[in-house]
Colleague: 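Have a look at the structure that comes next, please.
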Amino acid sequence: MTHKTTIKLLIIAIFLGILPAGVHAAYFLLDKNVVGTGRQEINILIDTENQEINTVSATLTFSSNNIVLEDVSDARSLVNFWIEKPSISKNTIRFAGIVPGGYNGSRGQLVKVYLRVTGSGEASFSLNDATALLNDGLGTETTINKGELKFKSSILIATTTPSRTATIPPENFSPIIISDPNIHSGKNVLIFSTTDKSSGIDHYEVLETGLDNVGVWKNAESPYLLEDQKIKGDIYVRAVSKDKSFIVVKIPKSTNSTNKQIINYSLFSVLIVLLLLLIGIIIYRRRKASR
């Protein structure tokens, strides 16, 4: 918060008939975690701890590896008279304003923040400076708790999810896991394929939830060598069309149905040979008996 803004707040506080006094505590909080990639929104709220405030100001610094701070808005804010309208400078949000008549509550919305999410992870807002004045006729200053506001982002996972209703997603498909000595030395690989009638398939992506870096989609081609050879987590395959619509399908982790999809082709070949040999013996004996 700039020195100029602080002076403005004090001047307005005088007009409201309030002068600084003792210190109390209030809290900032976030309304949710975010799910999905792309543009997302999250609200910064205030809990006044059963006190009525009429002035609030803050400077928050944002930090994240997979999320970009894009914009901030005062839409639906309990503040309707801004001394310093909410703004972003690099990764810092600043605002200061007045709540005529005061506010007392646990989830008062201050600002709406728009984010660009590129992956899963943890993000936080650090409160560098935050204060509020009480609407008590005495001008009591209540300091905002300076703890970090943390939240998590996670990818959007669905069994079948088109990206846009305006386009037709690729055809549904059923990936399988196989083990063939001729492919990656017999390790478990993922086989998949589908079609898209509107624009064609652009690429495939695979997500393995049994890995330490869960939440990372990786571009893939069939056959795809699985990193999680023990299949400890669910596996998702996403087919993306050229018009950016997509479909996501799931292979459950280590269930009976999954185990049935893990086909050892070398064993399968042996069984076929034995079966053909048995059929040959039966046919030979029947012909011999009929002579």
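We're numbering straight along the sequence, starting at 1.
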Colleague: Between CD of Q229 and CG of N188, what distance do you get to the nearest 0.5 Å?
Modeller: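 It comes to 4.5 Å.
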
Colleague: Given 3.5 Å as the limit, does a donor-acceptor pair link the side chain of N65 with the main chain of G121, or not?
Modeller: no

Colleague: Kindly indicate whether the side chain of P86, heavy atoms from C-beta on, has any atom under 4.5 Å from the side chain of S73.
Modeller: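 No, side chains not in contact.
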
Colleague: Could you please spell out the steps behind the side-chain contact (heavy atoms from CB on, under 4.5 Å) verdict for L149 and L60?
Modeller: CA-CA 9 Å; L149 306 176; L60 304 96; 4.1 Å; yes

Colleague: Under 3.5 Å, is there a donor-acceptor pair between the E171 and T194 side chains?
Modeller: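 Per modelled atom types, E171 and T194 side chains form no pair under 3.5 Å.
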
Colleague: Identify the heavy atoms of V237 and W217 that sit nearest to each other, and give their distance.
Modeller: C-CZ3, 4.3 Å

Colleague: Before accepting this row, confirm whether a basic side-chain N of the pair E70/R39 lies closer than 4.0 Å to the acidic partner's carboxylate O.
Modeller: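 Looking at E70 and R39, the cut-off is met.
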
Colleague: In the single-linkage hydrophobic clustering (I, L, V, M, F, W, Y; side-chain heavy atoms under 4.5 Å), do L78 and V113 co-cluster?
Modeller: yes

Colleague: If you define the side chain from C-beta out and look only at heavy atoms, does anything of D234 sit under 4.5 Å from L207?
Modeller: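 In short, these two side chains do not touch, never coming nearer than 4.5 Å.
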
Colleague: Would you check, one step at a time, whether the test side-chain hydrogen bond (donor to acceptor under 3.5 Å, both in side chains) holds for S63 with S124?
Modeller: CA-CA 5 Å; S63 176; S124 66; 4.8 Å; no

Colleague: Please give me the minimum heavy-atom distance between T142 and A26, naming the atom from each residue.
Modeller: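 For T142 versus A26, the nearest heavy atoms are OG1-N, 3.8 Å.
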
Colleague: Name all residues meeting the ring pair (Phe, Tyr, Trp, His ring centres under 6.0 Å) criterion together with Y103; count only those two or more places apart in sequence or in a different chain, and write none if there are none.
Modeller: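 Testing Y103 for ring pair (Phe, Tyr, Trp, His ring centres under 6.0 Å), a comparison that skips the adjacent residues, returns none.
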
Colleague: Treating S57 as the side-chain partner and A96 as the backbone partner, does any N or O pair qualify as donor plus acceptor under 3.5 Å?
Modeller: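 Not at all, since once roles are kept as given, no pair shorter than 3.5 Å links the two residues.
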
Colleague: Kindly compute the distance separating OH (Y224) from CG (L190), expressed to the nearest 0.5 Å.
Modeller: 8.5 Å

Colleague: What's the verdict on side-chain contact (heavy atoms from CB on, under 4.5 Å) for I235 and T209, showing C-alpha distance, side-chain angles and the deciding distance?
Modeller: CA-CA 6 Å; I235 299 172; T209 64; over 6 Å; no

Colleague: List the steps and the verdict of side-chain hydrogen bond (donor to acceptor under 3.5 Å, both in side chains) for S106 and D47.
Modeller: CA-CA 4 Å; S106 60; D47 183 346; 5.3 Å; no

Colleague: Please test R238 against I247 for side-chain contact (heavy atoms from CB on, under 4.5 Å), starting from the C-alpha separation and ending with a verdict.
Modeller: CA-CA 6 Å; R238 178 160 60 191; I247 187 172; over 6 Å; no

Colleague: Do the side chains of E208 and K232 get close enough for a salt bridge, i.e. N-O under 4.0 angstrom?
Modeller: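 Here E208 does not pair with K232 in a salt bridge, since their nearest N and O are not under 4.0 Å apart.
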
Colleague: Evaluate the criterion side-chain hydrogen bond (donor to acceptor under 3.5 Å, both in side chains) for residue pair N128 and T61; output intermediate values, then yes/no.
Modeller: CA-CA 7 Å; N128 301 331; T61 300; 2.5 Å; yes

Colleague: For a side-chain hydrogen bond (donor to acceptor under 3.5 Å, both in side chains) check, start with the C-alpha distance between S126 and E148, then their side-chain angles and the critical distance, and finish with the verdict.
Modeller: CA-CA 5 Å; S126 298; E148 283 190 326; 3.1 Å; yes

Colleague: Kindly give the heavy-atom pair with the smallest separation between N145 and Y27, and that separation in Å.
Modeller: ND2-CE2, 3.1 Å

Colleague: Would you check if the side chain of Q40 reaches a backbone N or O of I67 as a donor-acceptor pair within less than 3.5 Å?
Modeller: no

Colleague: Test side-chain contact (heavy atoms from CB on, under 4.5 Å) on D74 and V79 and set out the steps.
Modeller: CA-CA 8 Å; D74 61 355; V79 178; over 6 Å; no

Colleague: Nearest heavy-atom pair of A130 and F28: which atoms, and what distance?
Modeller: CB-CE1, 4.3 Å

Colleague: Can a side-chain donor-acceptor contact be found between N135 and E52 if the only test is distance below 3.5 angstrom?
Modeller: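 Their side chains do contain a donor-acceptor pair, which is all the 3.5 Å distance test asks for.
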
Colleague: Kindly compute the distance separating NZ (K90) from CD1 (I88), expressed to the nearest 0.5 Å.
Modeller: 14.0 Å

Colleague: If Ile, Leu, Val, Met, Phe, Trp and Tyr residues are connected whenever their side-chain heavy atoms lie under 4.5 Å apart, and connections chain through other members, are I93 and F151 in the same group?
Modeller: yes

Colleague: How about N54 and L133: do any of their side-chain heavy atoms sit closer than 4.5 Å?
Modeller: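 N54 reaches L133 side chain to side chain.
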
Colleague: Does the side chain of S241 come within less than 4.5 Å of P170's, by heavy atoms?
Modeller: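 Answer yes - side chains close enough.
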
Colleague: So H203 and N219, do their side chains get closer than 4.5 Å, heavy atoms only?
Modeller: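 Contact flag for N219/H203 side chains = yes.
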
Colleague: Are F95 and V72 packed together at the side-chain level, in the sense that at least one heavy-atom pair is separated by less than 4.5 angstrom?
Modeller: no

Colleague: Let me confirm one number: the OG1-CD distance from T55 to E141, rounded to the nearest 0.5 Å.
Modeller: 10.5 Å

Colleague: Indicate, with yes or no, if V111 and L30 share a hydrophobic cluster defined by side-chain heavy-atom contacts under 4.5 Å among Ile, Leu, Val, Met, Phe, Trp and Tyr.
Modeller: yes

Colleague: For G186 and S179, which heavy atoms make the closest approach, and how far apart are they?
Modeller: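 Where G186 meets S179 most closely, the heavy atoms are O-OG, 2.5 Å.
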
Colleague: Is there a side-chain contact between N66 and V117 in this structure, where contact means two heavy atoms from C-beta onward sitting under 4.5 Å apart?
Modeller: no

Colleague: Specify the closest pair of heavy atoms between I53 and A132, including all atoms of both residues, with the distance to one decimal.
Modeller: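 Scanning both residues, the minimum pair turns out to be CG2-CB, 4.2 Å.
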
Colleague: Drop me the distance from K152's NZ to S64's OG, to the nearest 0.5 angstrom.
Modeller: 13.0 Å

Colleague: F125 vs F62 aromatic rings, parallel, tilted or perpendicular, using cut-offs 30° and 60°?
Modeller: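 Tilted.
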
Colleague: Classify the side-chain pair S120/S153 by whether it contains a donor and acceptor separated by less than 3.5 Å.
Modeller: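 The criterion, which ignores hydrogens and geometry beyond distance, is not satisfied for S153 and S120.
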
Colleague: Where the side chain of E84 meets the backbone of G97, is there a donor-acceptor pair that is under 3.5 Å apart?
Modeller: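 Between the backbone of G97 and the side chain of E84 there is no qualifying donor-acceptor contact (under 3.5 Å).
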
Colleague: From L45 CG over to L29 CG, what is the distance, rounded to the nearest 0.5 angstrom?
Modeller: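 Reported to 0.5 Å precision, the distance equals 4.5 Å.
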
Colleague: Is there a path of hydrophobic side-chain contacts, each under 4.5 Å between heavy atoms of I/L/V/M/F/W/Y residues, joining I44 to V68?
Modeller: no

Colleague: Within the 3.5 Å criterion, strictly below it, is a donor on T48 or N104 matched to an acceptor on the partner's side chain?
Modeller: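 Present: a donor and an acceptor within the cut-off.
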
Colleague: If we only count heavy atoms from C-beta on, is the N80 to V99 side-chain gap below 4.5 Å?
Modeller: no

Colleague: Counting neighbours of NZ on K32 that are heavy atoms of other residues, nucleotides or ligands and sit closer than 6.0 Å, is the number greater than 12?
Modeller: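 More than 12 within 6.0 Å, yes.
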
Colleague: Hey, quick one: are I201 and V249 part of the same hydrophobic cluster, counting side-chain heavy atoms closer than 4.5 Å, chains of contacts allowed?
Modeller: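 As far as the 4.5 Å side-chain criterion goes, V249 and I201 are connected within one cluster.
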
Colleague: Tell me, please, which residues at least two apart from I183 pass side-chain contact (heavy atoms from CB on, under 4.5 Å).
Modeller: I178, D180, V189, P223

Colleague: Applying ring pair (Phe, Tyr, Trp, His ring centres under 6.0 Å), name anything that partners F192, two or more places apart in sequence or on another chain.
Modeller: Y204

Colleague: Indicate whether the side chain of K112 and that of N43 have a donor and an acceptor atom separated by less than 3.5 Å.
Modeller: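 Indeed, the side chains of K112 and N43 share at least one donor-acceptor pair under 3.5 Å.
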
